[in-house]
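All chains are named by letter (A, B, ...) in the order of the sequence lines, taking the proteins before the strands, and each is independently numbered beginning at 1.
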There are 2 protein chains.
Amino acid sequence: MSTEAASRRGVPDATVARLPGYLRALTALADDGVVSVSSEELSALAGVGPAKLRKDLSHLGSYGVRGVGYDVTMLAAEITEVLGLARDWPVAIIGMGNLGRALAAYRGFATRGFKVVAVLDHDERLVGLRAAGLVVQAMADLPALVREQGLAIGVIATPPESAQDVADQLVAAGVRSILNFAPVVLSVPGGVDVRKVDLGTELQILAFLAQQRTVPTTRTAEVS
Amino acid sequence: MSTEAASRRGVPDATVARLPGYLRALTALADDGVVSVSSEELSALAGVGPAKLRKDLSHLGSYGVRGVGYDVTMLAAEITEVLGLARDWPVAIIGMGNLGRALAAYRGFATRGFKVVAVLDHDERLVGLRAAGLVVQAMADLPALVREQGLAIGVIATPPESAQDVADQLVAAGVRSILNFAPVVLSVPGGVDVRKVDLGTELQILAFLAQQRTVPTTRTAEVS
DNA sequence: GTGTGTGAAAAATTTCACAGCT
DNA sequence: AGCTGTGAAATTTTTCACACAC
C-alpha cells in the first residue's frame, strides 16, 4: 500500500536527482527528534527553493498537511520507498588503487541502503590481500557474486584504460547499474544505467565560473 | 584575439557542464594525431548527440568548417580558453583521510590545468607528515597559501561534521571556488561557487533506476 | 491564519530540419 | 556532395501565485 503514486512512472529526472538530498535532510531532522517540517525549512536544509521542493514532492503524492507541513518520518519513509532503498543493494568496487581503497573504506554505504559485498582487482598480485576488511577477489569471480550475493551495482575505480573492459565484464556478469569514476565515456548496451563521477570535470566547471568572475562580462553594448 | 564570443557571458550552464567532456575527447584525438573531426564522431566520443554538440559549440563561436568538420587542435585550444584552463589553477585539498589522500595522489590534476599546491588537515597530529609528496599543513596556513601561492580552489574531503567549518575558513582566507565531497549542504556567501560530488546521491539514483527496471511500470490504465 | 498542492506562466534545454558555406 | 550553424518547434524544468484544506 505504500506504493501508489510511488511506483508510477513519471517522476521527472530532475526530481529524482534531488530526492537523495531531501532524504538526507529528513534523516538528520529525525535524528534530532524533529517531528514536522515546512517546505520552507526542509528546502533550506536541502539547498533548494521551497516551491521546487513542493513541486518535487507533489510527484510522489500528498504527504504534507496544509497549514502544518510534512511529517518527517512518514516523508522519509516514502522517499526511501520511491528510491528503492527499502531493500539493501549489494555493491562491488572494482579497482583497488588509491581511490578504490578509499571508497571501500567509506562508511556511509551502510547507512544509505548499500552494502559493499566485494572488492575486486584485475591485478592477480592484489587478489587475496585485504582491503577495508574484505579479501580482494579476481574479476573472474563476478558471475558468482551476481548469482550468489545478488550483486546489482558495480563501482569502477580503475585507471581509464581498463574502465571499458571492466564495464564489459560487469555487464556480461549481469550487473545493470554502474557508477564510473574513470574519466572515460563507457559504452554499454541498452538497459544498463551508467552514472559518472568526474573530479576533473567538476574542477573545470569551477575554473570556468572563477574565470567568469575575474572577467565579469564583455560589455556587449548594453546601451538601452 | 582568441577571445571573442569566448569571453562573452551567455554560455548556458548545461553547455559548460559538457565542455570538459568535449575537451577530453579532443585531447585524446590530438594524441592520436587526428587532425579533423565531424560533429558525428566527436559527439559519439563524448557520449552526446551530434545536434547537441553543434549547438553547444555554436555558443563559443564558429570553429568548424562546413562540409569538413572541426580542426581538433584549434577547437581544443578554444575550449581550453573558454574554460579558463589556459592558466594553471592552484588547488588545496583539505582533509587527509582516506578520500583526501586518494585525491592528493590522483594524477590527472596536472594534465587538466590544476596543481595541488597544498594538502591540509585540522588534526595537529597529521600536520608535518607527508602525503602524496606534500607536507600536510595546518588550517592556519590557508591565508598564506592564498597570498603566496594564489590558491584559488579548495577541495573539501573531510567528514561531514567539519565541512562547514572548513568552508568558512576557506572563504575567510579568500578562496571562492569549493569542491565539496562531504555529504552536506554548505552555506557560503554570494560570489562563492560550490560544487558537490556525492557518492551516496549517485548510488541512490542508480538504485531508483534499477528498481524502476524491476517494476517496469504500474499499468496506469493505458487502455486506448 | 498557515502552509501545502497545483494549474499556469516563464525559462532553460533539447531536438529537429534545413539553409548555407566549402 | 557533405557537414556545420541555427532558427523554430518540442520538451523539460523552474518559478509563480493562489485556491484549498486544516
> Would you find more than 12 non-hydrogen atoms of other residues, nucleotides or ligands less than 6.0 Å from B:Glu40 atom CD?
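No, not enclosed.
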
> How long is the line joining CG of B:Leu53 and P of C:dT13, in whole Å?
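Checked: the CG to P distance equals 17 Å.
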
> What is the separation between atom CG on B:Asp56 and atom P on C:dA12, rounded to the nearest whole Å?
16 Å

> What is the distance, rounded to the nearest whole Å, between atom NZ of B:Lys52 and atom C1' of D:dT11?
12 Å

> Base, sugar-phosphate alone, or nothing: which one does B:Pro50 contact when heavy atoms must sit under 4.0 Å apart?
nothing

> Between B:Pro20 and B:Ala17, what is the shortest heavy-atom contact and its length?
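Taking every non-hydrogen atom into account, CD-O, 3.7 Å.
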
> Please give me every residue in residues 13-20 of chain A whose heavy atoms get under 4.0 Å of an atom in DNA chain D, ordered by residue number.
A:Asp13, A:Ala14, A:Arg18

> What verdict does the side chain to side chain contact (heavy atoms under 4.5 Å, CB included) test give for B:Leu186 and B:Ile178, after you've listed the backbone C-alpha separation in whole Å, the side-chain angles of each residue and the deciding distance to 0.1 Å?
CA-CA 10 Å; B:Leu186 297 179; B:Ile178 295 176; 4.2 Å; yes

> Taking only residues at least two apart or on different chains, which pairs with a member in residues 97-120 of chain B satisfy side chain to side chain donor-acceptor pair (under 3.5 Å)?
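Listed once each, the pairs are B:Asn98-B:Arg101.
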
> By side chain to side chain contact (heavy atoms under 4.5 Å, CB included), which residues pair with B:Ala182, not counting sequence neighbours?
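Per chain and number, B:Ala182 pairs via side chain to side chain contact (heavy atoms under 4.5 Å, CB included) with B:Ala163, B:Asn180, B:Val184.
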
> Can you tell me if A:Thr80 uses its side chain to pair, donor with acceptor, with the backbone of A:Ala76 under 3.5 Å?
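Yes; at least one donor-acceptor contact below 3.5 Å.
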
> Without swapping roles, check the side chain of B:Glu81 against the backbone of B:Ala86 for a donor-acceptor pair under 3.5 Å.
no

> Could you tell me whether the side chain of A:Leu23 reaches within less than 4.5 Å of the side chain of A:Leu19, counting heavy atoms only?
no

> Do B:Tyr70 and B:Leu57 have side chains that approach each other closer than 4.5 Å (heavy atoms only, starting at C-beta)?
yes

> For the helix from C:dG1-D:dC22 to C:dT22-D:dA1, what angle separates the axis at the start from the axis at the finish, each from five pairs, in steps of 10°?
0°

> Spell out protein contact along nucleotides 4-10 of chain C as letters: B when the base is contacted, S when just the sugar-phosphate is, - when no protein heavy atom is under 4.0 Å; keep the 5' to 3' order.
BBBBB--

> Donor-acceptor pairs are to be reported for all side-chain atoms of residues 200-210 of chain A against protein atoms at under 3.5 Å, with residues two or more places apart or in another chain.
from: A:Thr201; atom 1: OG1; to: A:Asp198; atom 2: OD2; distance (Å): 3.0
from: A:Thr201; atom 1: OG1; to: B:Arg24; atom 2: NH2; distance (Å): 3.3
from: A:Glu202; atom 1: OE1; to: B:Arg195; atom 2: NE; distance (Å): 2.5
from: A:Glu202; atom 1: OE1; to: B:Arg195; atom 2: NH2; distance (Å): 3.2

